[in-house]
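Right, one structure below, let's go through it.
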Amino acid sequence: MELKDLKIYNSLSGEKVKFIPVQEGFVGLYVCGPTVYSNVHLGNCRSFISFDLVYRYLTYIGYKVRYVRNITDVGHLVDDADDGEDKISKKARLEQLEPMEIVQQYTLDFHKVMDQFNSIPPNIEPTATGHIIEQIEMILTILDNGFAYESNGSVYFDVEKYNETHPYGELSGRKIEDLISNTRDLDGQDEKRAPLDFALWKNASDEHLMKWPSPWGLGFPGWHLECSAMSTKYLGEEFDIHGGGMDLKFPHHECEIAQGTASNGKAPVRYWMHGNMLTLNGKKMSKSTGNSILPEELFSGVNDFMEKPFDPMVVRFFMMQAHYRSTLDFTSDALLAAEKGYDKLAEAIKTSTNLKISKESSLNIQDLVASFYAAMNDDFNAPILVANLFEAVKFINSVKDGSQTVSKEDLELLQTEMNAFVQDVLGLRQGNPSGDDKLSPVMDLVLDLRQEARENKDWTTSDKIRDGLATAGIVVKDSKEGTSWN
RNA sequence: GGUCCUGUGGCCGAGCGGCUAGGCAAAGGUCUGCAAAACCUUGUACAGCGGUUCGAAUCCGCUCGGGACCUCCA
């Protein structure tokens with residue numbers, strides 16, 4: 001498949017455009033990672049899973065991808081009224097823990113959840129605290145270039161100065177005049193020359209736990225700087241794709257563009273990609289209103305929203321049925337529907353390994369397979385891919401029923417590509433239900449006994465076995481070729 | 001208040017000027033000891049009201065919902 005066919009919606013231009021990497025055959029991908037001061041919630045996960053899909057597809061079509069996703073462990077300000085105490089140190093004091101203990105705890109939780117979702121770890125997962133020196137160096141460069149100023153041990157980015165030569169607000173479609181007129185009066189703004197200016201380095205108060213020495217005294221890096229410093233370090237001054245949630249567009253990503261441009265002289269990112277939000281029962285997820293659910297709660301079924309527990313792969317499949325730029329609503333009914341669809345897909349993949357071969361195919365398999373690529377090449381349109389995969393499901397089942405035929409070569413092609421798109425691209429880990437080596441022989445025996453009963457028309461016994469297995473969660477299906485179970 | 005996105009059949013969700021995805025649910029049928037599964041058939045949806053057009057779910061305006069950002073946030 002031709003790599004050049006891929007189109008990506010670039011948030012910067014607001015258009016779907018052909019993807020052309022800086023260096024042919026290679027892709028630099030940076031995604032804003034989590035702030036590890038609490039458990040990742042489902043909305044965070046959707047965003048990371050969206051970019052996992054991007055990473056997987058780019059890799060699948062042959063790009064060598066360097067995927068960088070940071071861990072924000074410095075913490076951000078809780079609000080402007082609490083004199084610079086950051087989120088992580090606040091929680092630490094509450095729980096009587098070292099800040100880095102909090103970081104460790106929630107980083108582990110994050111990794112565990114992403115693993116449950118079968119999300120591939122990034123190639124580099126840098127931490128903000130591990131790149132204080134790089135951040136300080138970047139601040140020095142921005143100061144040298146005249147786009148920042150020091151004030152009482154803090155350093156601020158001079159937005160208006162920057163705007164004289166570069167369009168601040170180009171990503172989020174904002175005009176600097178509007179921003180100025182909309183800025184609220186906040187505490188602690190007196191150090192800044194203008195309310196729009198943002199911190200590159202903040203002077204730390206005595207109570208502040210996480211702080212580092214710098215040319216401006218003890219302090220900590222500003223909210224937006226880590227991504228600029230780390231993406232530059234690992235992907236270069238100009239790289240291909242930067243991803244994140246919609247809510248990061250302004251000010252976070254806008255500031256990244258400004259910082260990168262102010263220090264390197266050119267815009268840091270070619271393609272900006274933004275994933276959309278998640279809603280729960282039609283309303284936005286919010287911890288404060290209680291309209292929120294943790295991945296573990298979804299998997300365990302211990303929550304107030306869902307009728308039953310859902311497998312992480314079902315949740316992932318559900319997410320894949322919506323485009324990453326659309327909002328997605330989580331409801332019990334929707335998950336239930338996704339679960340059935342997912343089972344049907346998985347079942348058909350198993351069926352495909354045991355089909356009767358014919359001389360010719362009654363369907364153009366190459367076209368079908370091409371439709372998988374076409375869907376993904378169109379700005380990673382996973383829902384279309386899923387729809388096309390279900391066309392294949394229908395075909396496979398029809399071949400099984402004898403109403404369609406498939407040739408050896410076509411079946412091999414279809415199997416290879418379906419497996420690749422389901423497992424490698426969509427990241428849907430196919431479990432092996434019959435892979436339990438101890439259970440398989442037992443099931444063979446039990447089904448053998450049931451078959452004997454059926455042959456003797458002893459329906460009482462055969463149904464007893466079937467119902468009993470159903471209670472244990474094993475579904476028995478009879479067909480002409482024999483009895484299967486899962 | 002400002003900036004922007006969005007509203008699709010019972011449910012979830014693609015499409016985004018003509019050729020009317022897909023999944024789930026529903027109804028009828030085939031198969032089957034019964035069931036399950038599978039297959040076949042059926043259902044003409046695009047918030048409301050105007051407008052542009054030969055033609056609109058798709059473009060424009062207004063109204064009414066939902067959401068994002070403007071402050072840490074995926």
Side-chain angles (χ1 to χ4, degrees), chain A residues 14 31-35 37-38 40-51 72 75-81 86-87 169 172-175 178-179 181-184 186 223 243-252 254 274-279 282-287 317-318 321-345 347-348 351 371 375 378 381-391 393-394 396-404 454 457-459 462-463 466-467 470 475-480 483-486:
Chain A
V31 174
C32 288
T35 302
Y37 58 76
S38 65
V40 262
H41 74 267
L42 204 56
N44 293 285
C45 294
R46 150 115 115 147
S47 192
F48 300 134
I49 288 168
S50 294
F51 290 106
T72 296
H76 294 300
L77 296 171
V78 173
D79 58 48
D80 292 83
D86 77 33
K87 279 186 177 173
S172 54
R174 283 157 211 266
K175 293 196 166 50
D178 297 340
L179 288 168
S181 64
N182 274 318
T183 307
R184 299 182 308 179
L186 299 168
W223 322 312
M246 289 273 205
D247 48 353
L248 293 179
K249 222 171 175 182
F250 187 88
H252 187 61
E254 205 70 72
H274 293 278
N276 216 137
M277 306 287 107
L278 209 60
T279 55
K283 292 191 181 131
K284 77 162 187 172
M285 273 207 202
S286 160
K287 281 180 197 162
F317 175 74
F318 175 61
Q321 282 189 297
H323 188 80
Y324 76 90
R325 280 191 287 116
S326 299
T327 51
L328 176 64
D329 191 34
F330 262 72
T331 62
S332 202
D333 285 350
L335 262 318
L336 246 19
E339 186 172 55
K340 292 196 178 176
Y342 178 65
D343 288 345
K344 186 174 172 179
L345 177 62
E347 192 60 32
T351 302
S371 76
D378 186 14
N381 200 326
I384 296 289
L385 169 60
V386 171
N388 294 155
L389 286 170
F390 272 105
E391 294 298 326
V393 167
K394 186 182 262 191
I396 287 166
N397 287 327
S398 295
V399 171
K400 188 189 172 197
D401 276 13
S403 61
Q404 299 262 15
R454 291 182 73 208
K457 299 207 189 298
D458 178 4
W459 310 125
S462 78
D463 288 353
R466 185 175 67 200
D467 296 344
V475 180
V476 172
K477 290 180 221 166
D478 299 323
S479 70
K480 286 177 209 126
T483 301
S484 63
W485 62 277
N486 63 39

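In what follows, chains are A, B, ... by sequence order, proteins preceding strands, each numbered from 1.
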Answer with base, sugar-phosphate or nothing: what part of the nucleic acid does [X] contact at a heavy-atom distance below 4.0 Å?
X        : result
A/Phe51  : nothing
A/Gly244 : sugar-phosphate
A/Ala387 : base
A/Leu389 : nothing
A/Arg46  : nothing

Rounded distance in Å between the [atom1] positions of [N] and [M]:
N      : M      : atom1 : answer
B/rC24 : B/rC62 : C1'   : 36 Å
B/rA14 : B/rG7  : C1'   : 15 Å
B/rA56 : B/rU20 : C1'   : 13 Å
B/rA36 : B/rG66 : P     : 42 Å
B/rA38 : B/rA74 : P     : 40 Å
B/rC49 : B/rC12 : P     : 22 Å
B/rG17 : B/rC11 : C1'   : 29 Å
B/rA25 : B/rC16 : C1'   : 27 Å

Considering residues at least two apart in sequence or located in another chain, which fulfil the side-chain contact (heavy atoms from CB on, under 4.5 Å) criterion with [X]?
X        : value
A/Thr331 : A/Asn281, A/Asp329, A/Asp333, A/Ala334
A/Lys175 : A/Glu177, A/Asp178
A/Ala337 : none

Which atom pair, heavy atoms only, marks the closest approach of [X] to [Y]?
X        : Y        : answer
A/Thr483 : A/Val476 : CG2-CG1, 3.3 Å
A/Ala322 : A/Leu328 : CB-CD1, 3.6 Å
A/Arg454 : A/Ser462 : CG-CB, 3.5 Å
A/His274 : A/Arg325 : O-CG, 3.6 Å
A/Ser371 : A/Asn388 : O-OD1, 3.2 Å
A/Ile396 : A/Ala348 : CG2-O, 3.6 Å

Secondary structure string for RNA chain B (Watson-Crick or G-U under 3.5 angstrom, | for other-strand pairs): (((((((..(((.....[...))).(((((.......)))))....(((((..]....))))))))))))....
Nearest-neighbour nucleotide for the A/Gln321 side chain, B/rG22, B/rA74, B/rA21 considered: B/rG22
Among B/rA74, B/rC24, B/rC12, the nucleotide that comes nearest once only the side chain of A/Phe48 is considered: B/rA74
Report each atom pair, protein N/O against N/O of nucleotides 15-20 of chain B, whose distance is under 3.5 angstrom.
| unit_1 | atom_1 | unit_2 | atom_2 | d |
| --- | --- | --- | --- | --- |
| B/rG15 | OP1 | A/Asn381 | ND2 | 3.2 |

Find the distance [X]:[atom1] to [N]:[atom2] and express it as a whole number of Å.
X        : N      : atom1 : atom2 : result
A/Met246 : B/rU6  : CE    : C1'   : 10 Å
A/Arg325 : B/rA14 : CZ    : P     : 10 Å
A/Asn388 : B/rG13 : CG    : C1'   : 15 Å
A/Asp247 : B/rC5  : CG    : P     : 17 Å
A/Met277 : B/rA74 : CE    : P     : 9 Å
A/Leu345 : B/rG22 : CG    : P     : 15 Å
A/Tyr324 : B/rA68 : OH    : C1'   : 16 Å
A/His252 : B/rU71 : NE2   : P     : 15 Å

Backbone of A/Pro383 reached by a side-chain donor or acceptor of A/Gln321 within 3.5 Å: no
ring-ring contact (aromatic ring centres under 6.0 Å, His included) involving A/Phe318 - partner list, sequence neighbours excluded: A/Phe330
Partner residues of A/Tyr324 under the ring-ring contact (aromatic ring centres under 6.0 Å, His included) criterion, sequence neighbours left out: none
Comparing A/Thr327 and A/Val386 on RNA chain B - which has the more 5′ nearest nucleotide: A/Thr327
RNA chain B: 5'-proximal contact among A/Gly282 and A/Pro34 (nearest heavy atom): A/Gly282
Could you run down the sub-3.5 Å N/O contacts of the protein with nucleotides 7-9 of chain B?
none

Output one line per pair: protein atom, nucleotide atom from nucleotides 25-30 of chain B, and distance, for all N/O pairs under 3.5 Å.
| unit_1 | atom_1 | unit_2 | atom_2 | d |
| --- | --- | --- | --- | --- |
| B/rA25 | OP1 | A/Lys340 | NZ | 2.9 |

Stepwise side chain to side chain contact (heavy atoms under 4.5 Å, CB included) test for A/Val393 and A/Leu389: CA-CA 6 Å; A/Val393 167; A/Leu389 286 170; 5.5 Å; no
Pair A/Thr327-A/Asn276, side-chain donor/acceptor within less than 3.5 Å: no
Pair A/Asp463 + A/Arg466, salt bridge at N-O below 4.0 Å: yes
Donor-acceptor pairs under 3.5 Å, side chain of residues 244-252 of chain A to any protein atom, not counting sequence neighbours: which ones?
| unit_1 | atom_1 | unit_2 | atom_2 | d |
| --- | --- | --- | --- | --- |
| A/His252 | ND1 | A/His224 | ND1 | 3.0 |
| A/His252 | NE2 | A/Glu256 | OE2 | 3.1 |

Value rounded to 0.5 Å, distance of CG in A/Leu385 from CZ in A/Phe390: 10.5 Å
Sequence-distant partners of A/Ser398, side chain to side chain donor-acceptor pair (under 3.5 Å), two or more places apart: none
Per-nucleotide protein contact string for nucleotides 32-45 of chain B (B base, S sugar-phosphate only, - none; heavy atom under 4.0 Å): -BBBBSBSS-----
